[in-house]
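Single-structure report; data block below.
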Amino acid sequence: QVQLVESGGGLVQAGGSLRLSCAASGRTFSSYTMGWFRQAPGKEREFVIGITWCGGHTYEAKFVRGRFTISRDNAKSRVYLQMDRLKSEDTAVYYCAATSNCHADNAPSFNYWGQGTQITVSS
């Protein structure tokens, strides 16, 4: 089992930045690919960005367009999401997730989830 807890959500103006953190506990954090997903009201949960356990490679959804950066600190069992140039359409609940797969970008492939943290971007 892996327990995930997100923090760092809140309200930010369009064009601003925000940094999310996800703390993991349980099994060996370094053996999991970590991902961030988001879900806006009335929409399905969608993949945002991920970082693999098998090489530390990062990959992102097309809508990110280089605005977001994911990083991990295996010694601290944490993964971070730095979000810059935020837009109103980035408003959503953001979830941290873990999978034992090397690479995954769909929700069913992730086994463990945090409770989510709200990001609201005002225009």
Any non-hydrogen side-chain atom of [X] less than 4.5 Å from a side-chain atom of [Y]?
X	Y	answer
Leu11	Ser122	yes
Glu46	Arg38	yes
Gln82	Phe68	no
Arg45	Trp113	yes
Leu20	Ile119	yes

Is it the case that one hydrophobic cluster holds both [X] and [Y], taking links as side-chain heavy atoms less than 4.5 Å apart, direct or via other members?
X	Y	answer
Tyr94	Phe63	yes
Ile51	Val64	yes
Val5	Leu81	no
Val12	Met83	yes
Trp36	Phe29	yes

Go through the steps for Tyr95 and Phe110 under the test ring pair (Phe, Tyr, Trp, His ring centres under 6.0 Å), then give the verdict. CA-CA 11 Å; Tyr95 297 89; Phe110 285 77; over 10 Å; no
Between Asp84 and Ser17, a side-chain donor and acceptor under 3.5 Å: yes
For ring pair (Phe, Tyr, Trp, His ring centres under 6.0 Å), just list the numbers for Tyr59 and Phe47, CA-CA rounded to whole Å, side-chain angles, deciding distance to a tenth of an Å, and then say yes or no. CA-CA 10 Å; Tyr59 51 106; Phe47 171 78; 5.4 Å; yes
Of Leu4, Thr52, Thr99, Ile49, which meets side chain to side chain contact (heavy atoms under 4.5 Å, CB included) against Met34? Leu4
Check for a donor-acceptor pair, side chain of [X] on one end and backbone N or O of [Y] on the other, with a separation under 3.5 Å.
X	Y	value
Thr33	Cys102	yes
Glu60	Gly66	yes
Asn101	Ala104	no

Least distance between heavy atoms, Glu6 atom then Cys96 atom: OE2-N, 2.8 Å
Which residue pairs pass the salt bridge (charged side-chain N to carboxylate O under 4.0 Å, His left out) test with at least one member in residues 63-73, sequence neighbours excluded? Arg67-Asp90
